[in-house]
Amino acid sequence: MTETFKYGAELAADIEARWQDYWEKHGTYETPNPSGELAGDAELAAKPSKFVMDMFPYPSGSGLHVGHPLGYIATDVYARFLRMTGNNVLYTLGFDAFGLPAEQYAVQTGTHPRVSTEANMANMKAQLRRLGLGHDRRRSFATIDPGYYKWTQWIFLQIFNSWYDQEAGRARPIDELVAAFADGTREVPGGRVWAELDERERADVLGEFRLAYASDAPVNWCPGLGTVLANEEVTADGRSERGNFPVFKAKLRQWNMRITAYADRLIDDLEQLEWPEAIKLQQRNWIGRSEGARVDFPVATPDGRQETVTVFTTRPDTLFGATYMVLAPEHPLIEAIAPAAWPQTTHGAWTGGHATPAEAIAAYRAQSAAKSDVERQAESREKTGVFTGAYAINPVNGESIPVFVADYVLMGYGTGAIMAVPGQDPRDWEFATVFDLPIVRTVQPPEGFDGEAFTGDGPAINSAGEGVDLNGMGVDEAKRTVIAYLEESGLGAGTINYRLRDWLFSRQRYWGEPFPIVYDEEGVAHPLPASMLPLELPEVDDYSPRTFDADDADTEPETPLSRNEDWVNVELDLGDGRGVRRFRRETNTMPNWAGSCWYEMRYLDPHNDEALVDPEIERYWMGPDESRPHGGVDLYVGGAEHAVLHLLYARFWSKVLFDLGHVSAAEPFHRLYNQGMIQAYVYRDARGFPVAAAEVEERDGGYFHDGEQVRREVGKMGKSLKNAVSPDEVCAEYGADTLRLYEMAMGPLDVSRPWDTRAVVGQFRLLQRLWRNVLDEETGTVTVVDEAPDDATLRAMHKAVDGVTRDLEGLRFNTAIAKITELNNHVTKAAGNGTPVAREVAETMVLLVAPLAPHVAEELWQRLGHDESLVHHDFPVADPAYVVDESVTCVVQIKGKVRARLEVAPAITDAELEAVALADPAVLRALDGAPIRKVIVRAPKLVNIVPG
RNA sequence: GCGGCCGUUGCUGAAUUGGUAUAAGCGCAACACUUAGGAUGUUGUGGGCGAAAGCCCAUGUGGGUUCGAGUCCCACCGGCCGCACCA
């Protein structure tokens with residue numbers, strides 16, 4: 001092979017492979033911890049710590065397209081920049097390898113999930129290595145590594161063994177609650193005596209407090225996937241986020257995490273985080289905090305007792321307008337209050353044509369249970385319901401109001417019961433109209449209001465009773481007044497309600513972390529002692545989930561692990577002094593979110609076998625400081641689709657671990673950045689089918705495939721739209737440095753935009769020009785001269801340094817590249833005019849481009865005579881004296897329109913500039929003798945003259 | 001329906017946050033070097049009028065605030081995203 005020094009695909013490939021090997025061999029990206037196993041270069045560890053992280057990937061089998069590494073390239077550039085500006089930077093990448101995608105892929109290909117997952121990870125690692133990402137590989141792991149999930153299970157046990165102390169506002173060990181129950185400092189629910197409870201009863205009591213607990217509750221059952229799902233994994237139209245199968249409500253015993261205990265802190269602590277407002281807003285909405293009141297409505301039962309139905313309302317001020325009441329179909333009190341026969345006064349339309357309330361209720365329940373959420377959404381929102389036959393007493397005015405069952409009230413929100421105020425609520429108005437119920441306005445609508453329910457502010461009317469008179473008050477005052485009255489008279493209380501539900505934490509899957517829980521012969525759950533962790537997934541022959549007809553709600557989940565009797569039935573000594581006993585293992589597994597709830601902490605201390613992370617090391621990297629009041633990762637980059645899933649769960653786990661004293665950071669991610677999506681052009685033929693984008697040619701202003709005209713649109717990149725571009729292709733044609741530059745130059749990181757293969761060459765040309773500015777393509781000799789650069793070049797250089805530094809700090813990679821390009825173009829032009837490139841300028845350009853295009857930068861740096869890698873070299877610093885131009889172009893405007901340009905010194909005073917501007921011939925000509933009313937001067941760039 | 005974001009050139013996009021609109025890249029055109037160019041370099045490239053100097057118009061549309069608006073305010077049009085019978 002004849003040696004060539006021309007920067008082309010071949011040379012780029014050679015340079016890149018060489019430097020990737022060099023970095024690996026020299027451990028260039030190995031970041032020292034302050035102590036412990038990964039302690040190293042003490043000088044480096046003494047620098048300020050910066051922790052930069054990507055959302056780690058699923059090891060998917062289909063390989064990467066150029067959209068996948070966008071965020072990784074951005075974090076790599078930023079991490080490199082931070083290294084060059086005096087920081088000790090932790091940067092690595094692991095794999096989120098448990099969960100549905102990995103398992104489904106394994107099922108499709110008929111191989112064991114571990115085998116296919118490992119193969120996929122190896123493939124992705126090779127693809128990522130080709131991009132030159134500066135990861136500390138010693139810190140990488142996959143969530144499926146037993147050494148990692150040992151600690152996932154350990155954290156589960158911590159959560160299981162704690163409760164939320166409302167008074168203290170934090171989680172505490174469950175033992176402290178047991179002690180309080182035992183010595184009577186805390187009352188046992190139901191007024192029972194702790195010492196008199198048996199083991200089963202105690203377990204049940206504690207289950208009401210534990211932050212991880214099993215309960216029988218309506219859950220999201222997805223027959224098509226064969227598993228239950230968390231609320232966050234179900235779409236608005238009642239389908240599974242993965243696979244898009246229908247989801248049904250089913251009552252099943254499942255594990256939950258009491259995330260609701262943290263609702264307020266999860267909202268409040270958002271304040272201090274540097275996250276996109278849109279994501280904060282989504283989290284706030286998801287948690288759905290709303291302030292209002294609980295109000296108790298007495299209902300007489302058929303057997304002469306009195307029941308109390310509690311409602312939640314955000315509008316207690318409208319209580320006098322409550323003319324009926326509605327319970328959700330699943331409400332537990334319906335049976336107790338429904339009489340055997342319809343009361344005499346029953347309106348014909350209220351019975352649904354049934355002979356008795358019991359029949360009507362049963363029929364209505366059957367009708368609404370048969371509807372999946374999908375159908376409920378698809379139907380028009382016409383209100384349906386049925387009378388229970390019972391009447392409640394409105395506590396403020398003693399009115400007897402009918403109680404209905406209707407599915408527009410949801411058991412999962414508030415108390416599952418509402419007071420209906422048709423005068424002020426559009427839904428209640430609609431229902432009242434259908435069932436001919438009375439409507440009483442309690443807020444005076446404004447003059448000319450001709451709508452139905454009035455939801456705005458106004459003076460209260462029709463709102464006076466024996467104990468309280470709201471008339472004339474505005475909404476806020478009326479709320480306060482009525483809440484005070486309710487509390488005084490024991491009829492209710494001000495309260496806060498949340499939309500957030502507890503997190504359903506178990507799945508009927510093989511490919512997940514087994515629960516470290518066993519059941520004794522009485523069915524009481526016992527945690528495994530930490531010494532028995534990790535509880536490894538057993539090897540089984542049949543790991544596929546039992547799935548069902550997607551529409552068959554009448555099915556039940558079956559856990560793959562339960563098929564393995566040898567593993568399920570065990571004899572263990574739990575170390576509780578009761579010796580070896582027989583147990584059955586929990587056969588559910590954890591959801592794939594478990595592994596991603598705490599992985600940032602494990603990067604810090606990945607091989608620690610004594611603790612999830614050493615406290616000193618955790619404090620060094622993640623501990624709170626002035627800029628991060630709750631601590632956390634300095635920069636976390638990933639897609640916005642995790643706004644309420646991973647990001648909420650991870651925050652929750654961090655807070656529990658923080659409360660229990662295991663970590664110093666109460667928030668996992670201080671600064672969050674959502675990268676946009678790289679889209680791609682989609683070409684469709686006349687029938688609307690996508691055609692292979694790579695085969696489309698553009699001519700005569702149109703696009704053609706196989707001689708046929710096709711139309712172009714912008715869509716997602718992927719196999720199904722036949723427009724995927726793999727990073728391997730781009731690397732082969734231009735090299736990884738060009739790919740990196742192009743992805744960073746395409747536009748702002750947080751904006752989505754289409755990939756344009758044609759435009760990649762622009763960044764390739766930048767590197768070629770840079771290369772030629774340093775050395776001779778024919779001979780390979782360095783051509784830079786050891787002379788001082790001329791003044792103009794020096795200014796261009798320092799301006800570029802200044803701008804690039806600020807752009808990289810702000811993650812504005814596209815404009816940073818534009819500034820480097822400008823400087824390089826300046827140098828190229830000067831060289832073309834016979835001014836050789838000065839060493840100082842060449843080296844500065846190499847350092848500026850180093851975070852973005854590290855391979856070519858290392859190569860040029862070495863050729864410029866340096867023996868050491870530039871990865872830890874100082875980034876150039878701009879000299880302020882050269883950042884300002886020698887002369888500045890000042891615009892002279894007349895009434896805001898530019899009429900003249902002046903070259904002036906940057907230090908010119910306002911008065912001097914005004915004098916110069918007013919003497920300028922072009923200005924005089926434009927003014928044409930008009931008198932001057934006002935002159936605005938912003939030296940040195942602008943003068944605006946306003947003629948009278 | 002509620003909430004949030006965004007409309008700049010043929011395309012991707014800049015604009016120190018109210019102060020020269022259109023940086024940089026792609027594409028396109030011309031020229032140079034070349035046997036050749038899908039290489040490289042140079043120059044040009046929002047629209048209109050003009051020989052030129054220059055003038056007028058232009059940041060989705062219409063209004064407003066200001067000496068001055070892509071930027072701030074109001075209304076509308078178009079697009080994207082989130083939530084949605086949440087009491």
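Because the structure is predicted, anything quoted here is derived from the model rather than measured. Below, chain A is the first sequence line, B the second, and so on; all start at residue 1.
- One cannot find a donor-acceptor pair under 3.5 Å joining the base of rG4(B) and the side-chain atoms of Glu277(A).
- OP1 or OP2 of rG25(B) has not a single side-chain nitrogen or oxygen of Asn814(A) nearer than 4.0 Å.
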Exercise for review: Check the pair Phe431(A) / Tyr324(A) against ring pair (Phe, Tyr, Trp, His ring centres under 6.0 Å), numbers first and verdict last.
Suggested key: CA-CA 10 Å; Phe431(A) 190 87; Tyr324(A) 66 101; 5.3 Å; yes
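- Contacts of Arg933(A) with the nucleic acid, taken as non-hydrogen atoms under 4.0 Å apart, are absent.
- Looking at the side chain of Ile936(A), the nearest of the listed nucleotides rU40(B), rC67(B), rU20(B) is rC67(B).
- Leu281(A) comes within 4.0 angstrom of sugar-phosphate atoms only, judged by non-hydrogen atoms across all strands, and of no base.
- The pairing partner recorded for rA87(B) is none, the criterion being a Watson-Crick or G-U wobble arrangement whose two distances lie under 3.5 angstrom.
- Residues Tyr7(A) and Thr738(A) have side chains that never bring a donor and an acceptor to within less than 3.5 angstrom of each other.
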Protein N or O to nucleotides 43-49 of chain B N or O, pairs below 3.5 Å:
unit_1, atom_1, unit_2, atom_2, d
rU43(B), OP1, Lys829(A), NZ, 2.8

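- Figure legend. rA21(B) is base-paired to no nucleotide; pairs are counted as Watson-Crick or G-U wobble with both atom distances under 3.5 Å.
- Side-chain contact of Asn773(A) with Thr828(A): a donor-acceptor pair under 3.5 Å is present, judged by distance alone.
- Between rG19(B), rA87(B), rG25(B), one nucleotide has an atom nearer to the side chain of Tyr413(A) than all others, and that is rA87(B).
- Within 4.0 Å (heavy atoms only), Glu822(A) reaches sugar-phosphate atoms of the nucleic acid but no base atom.
- Residue Tyr681(A) is classed as a sugar-phosphate contact, given heavy-atom separations below 4.0 Å to backbone atoms only.
- Checking the phosphate oxygens (OP1, OP2) of rA24(B), no side-chain nitrogen or oxygen of Asn824(A) falls inside 4.0 Å.
- With no hydrogens or angles considered, no side-chain donor-acceptor pair links Asn944(A) and Arg938(A) at under 3.5 Å.
- When heavy atoms are screened at a 4.0 angstrom cut-off, Ala759(A) is found touching the sugar-phosphate backbone but no base atom.
- Counting non-hydrogen atoms under 4.0 angstrom, Arg712(A) reaches nothing in the nucleic acid.
- Figure legend. rA52(B) is base-paired to no nucleotide; pairs are counted as Watson-Crick or G-U wobble with both atom distances under 3.5 Å.
- Along RNA chain B, the nucleotide nearest Met419(A) and the nucleotide nearest Val888(A) are compared for position; the residue whose nucleotide lies closer to the 5' end is Val888(A).
- OP1 or OP2 of rC26(B) lies within a sub-4.0 Å distance of a side-chain N or O belonging to Arg765(A).
- Val644(A) comes within 4.0 angstrom of nothing in the nucleic acid, heavy atoms only.
- Interface remark: the Arg753(A) side chain does not form any donor-acceptor pair with the rU12(B) base, using a distance-only criterion of under 3.5 Å.
- Within the 4.0 angstrom heavy-atom criterion, no nucleotide atom of any strand lies near Thr415(A).
- Listed pair Arg938(A) / rG18(B) fails the phosphate criterion, with no side-chain N or O lying under 4.0 Å from OP1 or OP2.
- The shortest distance between the side-chain N/O atoms of Arg772(A) and the OP1/OP2 oxygens of rG41(B) is below 4.0 Å.
- The side chain of Lys934(A) approaches rC67(B) more closely than any other nucleotide in the set rC67(B), rC26(B), rA87(B).
- Heavy atoms of Arg806(A) sit nowhere under 4.0 angstrom from any nucleic acid atom.
- Under the Watson-Crick and G-U wobble criteria, each requiring two contacts below 3.5 Å, nucleotide rU66(B) is left unpaired.
- Contact annotation for Pro426(A): no contact, since no heavy-atom pair falls under 4.0 Å across all strands.
- Pairing for rG3(B) is with rC81(B), a Watson-Crick or G-U wobble pair whose two hydrogen-bonding atom distances lie under 3.5 Å.
- Nucleotide rU71(B): unpaired (no Watson-Crick or G-U wobble partner with both distances less than 3.5 Å).
- Nearest heavy atom pair, residue Gly456(A) against residue Val475(A), reads O-CG2, 4.0 Å.
- Side-chain contact check for Asp296(A) and Thr308(A): no donor-acceptor pair (N or O, by modelled atom type) lies under 3.5 Å.
- As the counterpart of rC76(B), rG60(B) is assigned, both hydrogen-bonding distances of the Watson-Crick or G-U wobble pattern falling under 3.5 Å.
- In this structure rG41(B) sits in a base pair with rC31(B), meeting the Watson-Crick or G-U test at under 3.5 Å.
- Ion pair Glu277(A)/Lys280(A) flagged as a salt bridge, since at least one NZ, NE, NH1 or NH2 atom sits closer than 4.0 Å to an Asp/Glu carboxylate oxygen.
- Checking side-chain atoms of Thr314(A) against main-chain N and O of Glu291(A) turns up no donor-acceptor pair under 3.5 Å.
- Between Ile945(A) and Leu918(A), the closest heavy-atom pair is CD1-CD2, 3.7 Å.
- Within 4.0 Å (heavy atoms only), Gln768(A) reaches sugar-phosphate atoms of the nucleic acid but no base atom.
- Residue Arg284(A) places none of its side-chain N or O atoms closer than 4.0 Å to OP1 or OP2 of rG82(B).
- Along RNA chain B, the nucleotide closest to Gly896(A) and the one closest to Asn825(A) are compared, and the more 5′ of them pairs with Asn825(A).
- With hydrogens and angles left out, the side-chain atoms of Thr815(A) and Asp807(A) include a donor and acceptor closer than 3.5 Å.
- Nucleic acid contact for Arg899(A): sugar-phosphate only, since backbone atoms but no base atoms lie under 4.0 Å from a heavy atom of the residue.
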